[in-house]
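Have a look at the structure below before the remarks.
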Amino acid sequence: LVDEAGVCAIIGPPLSNPASAWVELATEDKIPIVGHFMDEVCTTDPDTGEAYPYMFLAEPSCSVQSYILAEYGMNELNVKTVATLYNTSNAYAVAHEGPFVNYVEANGGQVLARETFGWTDTDYTAQAQKIAALNPDAVLLCDYCNQMVTAYDNLRDAGYTGYILGANTMYPPFNSLVKNEIKDCYFVQNYDLSAGTIADLLDIQMKETGTDYPTSNVGFGWDACMVLFNAMKQAKDPTDGEEVRQILENNTKDVESAGGAKITIDPSTHRPTR
């Protein structure tokens, strides 16, 4: 994109695993990248805590979403014991699971099991049976849709009847792909579908792709574009990566998201403050 197409900024990638490999390239080429790589290691150095200069996140990070989900489970559902089932090869999953566990333990809850699998695994029955035997109040699933479907069905097949707490990938088409009845599922989503422009975006996306379910990522893409557009609009030279980077870092305030909320970037983390 930089060497051959000559771009001056990049939207994406939406996934944490590839985004983490772009950190050094973005700095080397002085190309601001705004995306939805929710793992905090894509925007801040895990050793120093300092923000990577050219990497910016346009939605709440994994830990923020995990804290919200854990807080809701403990305060609203009276969850006291939990288990987790997640993919250790997926940065998105790992970055959700750790903060969730930390929140539960810090607030008097008990983690009964932390079961794992990898990309090449296609069945998690053994892990699900261990969790079902312990019978926690809730189980956290925090992977991509296909892995969430397998995990959910394996848990229900193993006889687990408690709450299932999920990351925002529990959004459709998850509900149409599982074979077991959907019940007692709670997940975090970025948008109130009745507010902002998200409903219109979803409608357009479904018509253009010929699908019968909305993909919330269309809103994520919109948000990233608006954050970058806001910075480029303020720049004297919108093709100057360093100038745009500085505006993204220091003057990204109250940019309207697809869901109607305002996005303000924290200069110290390059992630939204709220």
Side-chain angles (χ1 to χ4, degrees), residues 14-17 36 38-39 60 62-63 65-74 76-101 103-104 109-191 193 211-217 220:
L15 307 179
S16 297
N17 280 23
H36 291 280
M38 293 170 59
D39 186 349
C62 289
S63 64
Q65 295 205 15
S66 290
Y67 295 153
I68 292 171
L69 191 59
E71 181 183 40
Y72 183 86
M74 297 187 77
E76 302 298 328
L77 303 178
N78 199 31
V79 166
K80 299 186 183 303
T81 59
V82 303
T84 62
L85 178 56
Y86 70 104
N87 182 357
T88 55
S89 301
N90 185 353
Y92 170 86
V94 173
H96 271 95
E97 195 268 353
F100 178 89
V101 164
Y103 184 97
V104 170
Q110 186 178 4
V111 180
L112 302 183
R114 301 174 73 174
E115 294 293 328
T116 64
F117 54 89
W119 284 124
T120 59
D121 298 322
T122 57
D123 183 86
Y124 325 136
T125 297
Q127 298 95 314
Q129 289 175 340
K130 291 179 183 178
I131 291 173
L134 295 170
N135 195 31
D137 296 329
V139 178
L140 173 71
L141 304 182
C142 51
D143 269 278
Y144 296 154
C145 185
N146 289 342
Q147 289 74 34
M148 297 272 280
V149 168
T150 301
Y152 181 85
D153 279 333
N154 286 168
L155 282 166
R156 295 309 192 199
D157 288 345
Y160 180 70
T161 58
Y163 294 120
I164 301 288
L165 305 180
N168 58 12
T169 44
M170 195 174 276
Y171 192 79
F174 169 85
N175 60 311
S176 64
L177 297 176
V178 296
K179 67 178 183 180
N180 284 278
E181 177 188 2
I182 294 288
K183 60 179 180 179
D184 294 329
C185 290
Y186 295 84
F187 67 97
V188 176
Q189 185 48 280
N190 300 53
Y191 304 112
L193 298 185
T211 55
D212 57 2
Y213 59 84
T215 302
S216 61
N217 288 16
F220 302 163

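- Side-chain contact check for Asp39 versus Val94: every heavy-atom pair is 4.5 Å or farther apart.
- Considering Tyr92, Tyr67, Phe100 in turn, Tyr92 is the only one that fulfils the side chain to side chain contact (heavy atoms under 4.5 Å, CB included) rule with Cys62.
- The closest side-chain heavy-atom distance from Gln147 to Thr169 is not below 4.5 Å.
- With ring centers used as reference points, Phe174 lies under 6.0 Å from Tyr152.
- Residue pairs meeting the salt bridge (Lys or Arg N to Asp or Glu O under 4.0 Å) criterion with at least one member in residues 84-93, sequence neighbours excluded, do not occur.
- Taking 4.5 Å as the limit, some side-chain heavy atom of Asn90 sits within range of a side-chain heavy atom of Asn17.
- Of the residues listed (Leu85, Asn87, Thr150), the one engaging Asp143 in a side chain to side chain contact (heavy atoms under 4.5 Å, CB included) is Asn87, and it is the only one.
- The backbone N or O of Thr116 lies less than 3.5 Å from a partner atom in the side chain of Gln127, making a donor-acceptor pair.
- Side-chain contact between Asn168 and Met38 is present, with heavy atoms from C-beta onward closer than 4.5 Å.
- A salt bridge (Lys or Arg N to Asp or Glu O under 4.0 Å) check over residues 122-140, counting only residues at least two apart or in different chains, returns nothing.
- Side chains of Tyr160 and Asn135 form a contact here, defined as non-hydrogen atoms less than 4.5 Å apart.
- Using a 4.5 Å heavy-atom threshold, the side chains of Lys183 and Arg156 count as touching.
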